[in-house]
Amino acid sequence: MSLEFGDNAVLARVVGPHNKHLAEIERKLAVEIAHRGNRLTVSGPAYARAHAGQVLRDLYLHVERGNDVASGDVDDAVRLSLSGEKSTGNGTSISTPRRVIRGRTKTQNAYLDALLENDLVFGFGPAGTGKTYLAVAVGVMMLTRGEIERLVLSRPAVEAGERLGFLPGDMKEKVDPYLQPLYDALHDMLPAEQIERRMAIREIEVAPLAFMRGRTLANSFVILDEAQNATTQQMKMVLTRLGENSRMAVTGDPSQTDLPPNVASGLHEARIILRDVEGVAMVEFGDEDVVRHPLVRRIVRAYAAHDAARGDKRRP
């Protein structure tokens, strides 16, 4: 099978340095791909050639729309082709100063739509499914468009607890390690100098959950990450911080709580209490939505199978 593409520069990004991405497709689909100019020739069984052709066309379209190709993108394209699902390339796009971000699974696209349409959105699911990253993308887009005045990102600093005073440095240095994943997402979407400037004038705030008490957050997009580590009282507190023209995303994995065994997870309870409340959307991610290293998806599935085999009935 021979495929011809219109733009050699786009195709070069699809094949990757030293044909890295082609080698990955060859390994995953048991085909051989020859690259010459703007043409790719795929050899192998008919069904494998068909899947490889679909993967290559999807990745080409992905790059045409301004995206880079990472190993995870190749893995997703192969998985979608083999499962018979359509590519999510036509899903909701989020434009940030540094990149255009799109959902890579059906659930991710549903989540993006929910974030754009609802005042309060809960994202439940395992690590690596993009719950926080996509919420930060929506918040950054709304901030840079002037739709909100402030982006507030928060996490419970559970491990700090009473030991916070024993950590070195001032308060910012004590809590920053717990907030680093939020900084990482910001740096993926905004230039460093813009983050520094916006933080200096408090257009962007990154703070532990305890700092939210007593505030009213108007004209803001608020993200509570790792919400499984918020207590019932903390969850109620932060949910009632919402002011006029504000939205909130609450993300977490109910199976990964770090709270003491006798303390209920506020995320688990909110999932039950608020499920039928108007204006609240809840999106459930599964291991099929893991978009980190392909090994992460296999790890999540292995743990789920282990828990199922031993009849694990524990709840956060």
(request) Quick one: which residue pairs count as a salt bridge (charged side-chain N to carboxylate O under 4.0 Å, His left out) with a foot in residues 225-242, not counting sequence neighbours? (result) R155-D225, R155-E226
(message) Main chain of D258, side chain of N229: is a donor-acceptor contact present, judged purely on distance under 3.5 Å?
(response) yes
(request) List for me each residue that meets ring-ring contact (aromatic ring centres under 6.0 Å, His included) alongside Y133, sequence neighbours excluded, and say none if there are none. (result) none
(message) Do D58 and Q54 have side chains that approach each other closer than 4.5 Å (heavy atoms only, starting at C-beta)?
(response) yes
(message) According to ring-ring contact (aromatic ring centres under 6.0 Å, His included), who are the partners of F122, at least two apart in sequence or on a separate chain?
(response) F124
(message) Can a donor-acceptor pair be found, under 3.5 Å and without considering hydrogens, that links the side chain of T231 to the backbone of G266?
(response) no
(request) For residues V250 and L239, determine if any side-chain heavy atom of one lies less than 4.5 Å from a side-chain heavy atom of the other. (result) yes
(message) If we check side-chain hydrogen bond (donor to acceptor under 3.5 Å, both in side chains) with Q194, which of these qualifies: E196, R197, R198?
(response) R198
(message) Quick one: does any side-chain atom of S265 pair with a main-chain N or O of Q228 as donor and acceptor, under 3.5 Å?
(response) yes
Which donor-acceptor pairs under 3.5 Å do the side chains of residues 136-152 make with protein atoms, sequence neighbours left out?
residue : atom : partner : partner atom : Å
T144    : OG1  : V140    : O            : 2.9
T144    : OG1  : M141    : O            : 3.1
R150    : NE   : E205    : OE2          : 3.4

(message) Show me the pairs that pass salt bridge (charged side-chain N to carboxylate O under 4.0 Å, His left out) and involve residues 267-276, at least two apart or across chains.
(response) R271-E284, R275-E284
List, one per line, each side-chain donor-acceptor pair under 3.5 Å for residues 30-39, sequence neighbours excluded.
residue : atom : partner : partner atom : Å
H35     : NE2  : G37     : O            : 3.0
N38     : ND2  : F5      : O            : 2.9
R39     : NH1  : S2      : OG           : 3.0
R39     : NH2  : E4      : OE1          : 2.7

(message) Can a donor-acceptor pair be found, under 3.5 Å and without considering hydrogens, that links the side chain of S154 to the backbone of L224?
(response) no
(request) Check for a donor-acceptor pair, side chain of S220 on one end and backbone N or O of V222 on the other, with a separation under 3.5 Å. (result) no
(request) Look at the side chain of D7 and the backbone N and O of A9, then say whether any donor-acceptor pair between them is shorter than 3.5 Å. (result) yes
